[in-house]
2 protein chains.
Amino acid sequence: MHLIHSEKCGVRRAMMLIGSKWKMVLIGCLKDGMQRYGELKRSIPDISEKMLIQELKDLVEAGLVEKTSYPEVPPRVEYRLTEKGQKAIPVWEMVERFGCDYL
Amino acid sequence: MHLIHSEKCGVRRAMMLIGSKWKMVLIGCLKDGMQRYGELKRSIPDISEKMLIQELKDLVEAGLVEKTSYPEVPPRVEYRLTEKGQKAIPVWEMVERFGCDYL
DNA sequence: CAGGATCCGCGATGATACTG
DNA sequence: CAGTATCATCGCGGATCCTG
C-alpha cells in the first residue's frame, strides 16, 4: 500500500519538485550537460524570461541544478544538473516516451 | 536533438496529460486495477470532490481511464486504466522512485 | 452513492520595460 | 548577456450547496 495521503508519498513530493509546466523541459535541456542561460532561452522559444529565471531558481533551490556565474563582461552563467538532478533523467525519459507513445 | 519547441515534443505533450496536481496520484491509485469512486475519494482524503471528478474526467477524455456506470440504486461507478493509461505506469514508478530517492 | 453547479481567492504564468 | 521589476491575466484548486 502506498501512502498517498502522507508527506511520505514519493509521487506527491516528486510532483511538487518537477510537476510545474517547464521543469521537465528544463531537465531535458540539461540532461546532456551544461547549458548557458542564453542557450536555454533559445532552446525554449516560448518560455518567458521571468518563468525561465523562476523555474531555474526553483531547481537550484531544490538542489537539482547547479548555477555557476563568472564575473566577466559580458556575464556568463552556466547551469548544469547536480547529482540529485541527474536522478530525474530516467523520469524525463519515461515521460518523453509516454508522450510519444500517446500519439 | 529534441524538438522542445514543437508540438512533437513528447515531454510537453505528456505534461499536459499528466502534469497537473492529482493525475499521477490517481494513476497510482488505479495502477493495480479497478477502483470505485468512493474508494478513490477515501484513498486521497485531501482532494476535493470537485477536483476528483474533474481530474477523472480529464483522464477519461484523454483516453487514459475508462469509466463504467451501473444503472443501479445506489449508483456504482468504476474507474480503471485503459491500455493507453497503463503505459503511464512506468512513468508513475519512476516518479515515485525519484520522490523517495530525493529525501 | 456519485456526482453537478456556482462562486471565489490566489498562485502560476505571461508581457513589457528596464539594468549591471 | 543575463538577468530585475512591474503589472496584468488566467485557470487551478477549494468551499459550499444541490441533485438523480
Side-chain angles (χ1 to χ4, degrees), chain A residues 4-5 7 9 11-27 29-30 33-62 64-80, chain B residues 4-5 7 9 11-30 34-62 64-80:
Chain A
I4 293 165
H5 49 287
E7 288 300 317
C9 172
V11 169
R12 295 182 63 172
R13 227 167 334 90
M15 292 309 282
M16 290 171 50
L17 292 172
I18 57 177
S20 75
K21 183 173 177 181
W22 299 105
K23 297 226 167 57
M24 270 290 140
V25 174
L26 281 170
I27 286 168
C29 289
L30 294 170
M34 179 275 290
Q35 290 263 264
R36 293 185 58 175
Y37 174 81
E39 295 175 314
L40 292 171
K41 197 164 81 169
R42 277 189 299 280
S43 295
I44 318 173
D46 52 343
I47 192 175
S48 68
E49 294 195 2
K50 175 183 169 185
M51 288 313 297
L52 179 54
I53 295 289
Q54 183 176 302
E55 299 282 87
L56 283 169
K57 188 188 290 184
D58 289 349
L59 289 169
V60 169
E61 284 170 1
L64 302 182
V65 166
E66 171 185 29
K67 169 179 174 174
T68 311
S69 302
Y70 297 90
E72 307 169 351
V73 178
R76 181 160 57 101
V77 178
E78 297 180 350
Y79 294 92
R80 76 184 70 239
Chain B
I4 294 165
H5 49 289
E7 288 300 317
C9 171
V11 169
R12 297 183 61 174
R13 228 169 332 92
M15 292 309 281
M16 291 172 49
L17 291 172
I18 58 176
S20 75
K21 183 173 180 182
W22 299 105
K23 297 226 166 58
M24 270 290 139
V25 174
L26 281 170
I27 286 169
C29 289
L30 294 170
M34 179 274 293
Q35 291 260 251
R36 293 186 58 176
Y37 174 81
E39 295 175 315
L40 292 171
K41 199 164 80 169
R42 277 188 299 279
S43 296
I44 318 173
D46 52 343
I47 191 174
S48 67
E49 293 195 4
K50 174 187 167 182
M51 288 313 296
L52 179 54
I53 296 287
Q54 184 177 300
E55 299 281 89
L56 283 169
K57 188 190 287 183
D58 289 349
L59 289 170
V60 169
E61 284 171 1
L64 302 181
V65 166
E66 171 185 29
K67 169 179 174 175
T68 313
S69 302
Y70 297 90
E72 306 170 352
V73 179
R76 181 161 56 101
V77 179
E78 297 180 351
Y79 293 93
R80 75 183 70 239

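In this text, all values refer to a predicted model and were calculated from it rather than measured experimentally. We name chains A, B, ... by the order of the sequence lines, and we start the count at 1 in each one.
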Does A/Arg36 offer a backbone N or O that forms a donor-acceptor pair with the side chain of A/Glu39 under 3.5 Å?
yes

Atom CH2 of A/Trp22 and atom C1' of C/dT13 are separated, to the nearest Å, by 10 Å

Heavy atoms only, 4.0 Å cut-off, all strands: where does A/Lys21 land among base, sugar-phosphate and nothing?
sugar-phosphate

Which part of the nucleic acid, if any, lies within reach of B/Tyr79 when heavy atoms closer than 4.0 Å are counted: base, sugar-phosphate only, or nothing?
sugar-phosphate

Is there a side-chain contact between B/Leu52 and B/Glu49 in this structure, where contact means two heavy atoms from C-beta onward sitting under 4.5 Å apart?
no

Within the structure provided, determine whether B/Val77 and B/Thr68 are in side-chain contact (heavy-atom separation under 4.5 Å).
no

Could you check A/Glu78 against A/Tyr37 for side-chain hydrogen bond (donor to acceptor under 3.5 Å, both in side chains), going step by step and ending with a plain yes or no?
CA-CA 6 Å; A/Glu78 297 180 350; A/Tyr37 174 81; over 6 Å; no

Which of D/dA2, D/dG20, C/dT13 is nearest the side chain of B/Pro75? It is D/dG20

Rounding to an integer number of Å, can you tell me how far A/Glu39 CD sits from D/dC1 P?
11 Å

Closest nucleotide among D/dG13, C/dG14, D/dA2 to the A/Val77 side chain:
D/dA2

B/Ile53 has an atom CD1; how far is it from atom P of D/dC17, in whole Å?
19 Å

Classify A/Glu49 by what it touches in the nucleic acid, base, sugar-phosphate, or nothing, heavy-atom distance under 4.0 Å.
base

Starting at atom NZ of A/Lys57, determine the distance to atom C1' of C/dT13, rounded to an integer number of angstrom.
15 Å

Any base atoms under 4.0 Å from A/Lys67, or only sugar-phosphate, or nothing? Heavy atoms, all strands.
sugar-phosphate

To the nearest angstrom, how far is A/Met51 atom CE from C/dG11 atom P?
14 Å

Once you round it to whole Å, what is the distance between P of D/dG3 and CD of A/Glu72?
13 Å

Which nucleotide in the list D/dG3, C/dG4, C/dA2 gets nearest to the side chain of A/Tyr37?
D/dG3

To the nearest Å, give me how far apart CD1 (A/Ile44) and C1' (D/dA2) are.
15 Å

Can you measure B/Lys23 atom NZ to D/dG13 atom C1' for me and round it to whole angstrom units?
12 Å

So does A/Lys50 reach the base of D/dT4 with its side chain, donor to acceptor, closer than 3.5 Å?
no

Per the side chain to side chain contact (heavy atoms under 4.5 Å, CB included) rule, which among A/Asp58, A/Val65, A/Ile44 passes with A/Leu26?
A/Ile44

Under 4.0 Å between a side-chain N or O of B/Arg36 and OP1 or OP2 of C/dC1?
no

